[in-house]
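For the single chain, residues carry numbers from 1 onward in sequence order. What's counted below: heavy atoms across the whole structure, side chains too, no hydrogens, waters or symmetry copies.
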Amino acid sequence: MGIVSTIESALTGTTDDTAESEPNSTGAYWCDDCGVRIRDVEVESAGLEHDDEGTPQCPDCGAAMRFERSHADGCAC
């Protein structure tokens, strides 16, 4: 990393490493019964069961989870 990139990263608060290592999330799956939240990009790695329609099931209670899209800020929170 050159001096210009270092200064730019310090001023903008971004790094190239972060942008490449984290996949873009479009939302999260929520369990309305127990409040469990799992980002859409983490569903596969969490190994969740899916119902007949392909919706992930809550790892705690087994209920179908609800998908909620993230807002324009890029955060699936």
Side-chain angles (χ1 to χ4, degrees):
M1 181 181 289
I3 187 74
V4 174
S5 342
T6 303
I7 293 170
E8 181 181 8
S9 294
L11 294 175
T12 62
T14 60
T15 63
D16 292 337
D17 298 336
T18 305
E20 292 177 14
S21 64
E22 285 196 32
N24 289 337
S25 176
T26 59
Y29 286 93
W30 291 84
C31 178
D32 292 321
D33 294 336
C34 18
V36 172
R37 174 190 168 270
I38 300 176
R39 291 176 56 215
D40 60 339
V41 294
E42 297 171 347
V43 168
E44 189 174 320
S45 64
L48 299 180
E49 298 288 325
H50 291 74
D51 65 10
D52 294 336
E53 297 175 4
T55 305
Q57 295 176 310
C58 176
D60 291 349
C61 71
M65 299 178 84
R66 173 179 50 89
F67 183 74
E68 187 171 294
R69 295 205 183 277
S70 65
H71 296 282
D73 64 2
C75 175
C77 17

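When all heavy atoms are compared, the tightest approach of Pro56 to Tyr29 is CD-CE2, 3.5 Å. Among all heavy-atom pairs drawn from Gly54 and His50, the shortest one is O-CD2, 3.0 Å.
Transitive grouping of hydrophobic side chains (ILVMFWY, heavy atoms separated by less than 4.5 Å) brings Val36 and Val43 into a common cluster.
In this structure, Met65 and Leu48 have side chains that are in contact, with non-hydrogen atoms separated by less than 4.5 Å.
The only member of Cys58, Pro59, Ser45 that meets side chain to side chain contact (heavy atoms under 4.5 Å, CB included) when paired with Ile38 is Pro59.
For the atom pair Asp40 CG and Glu68 CD, the distance stands at 12.0 Å (nearest 0.5 Å).
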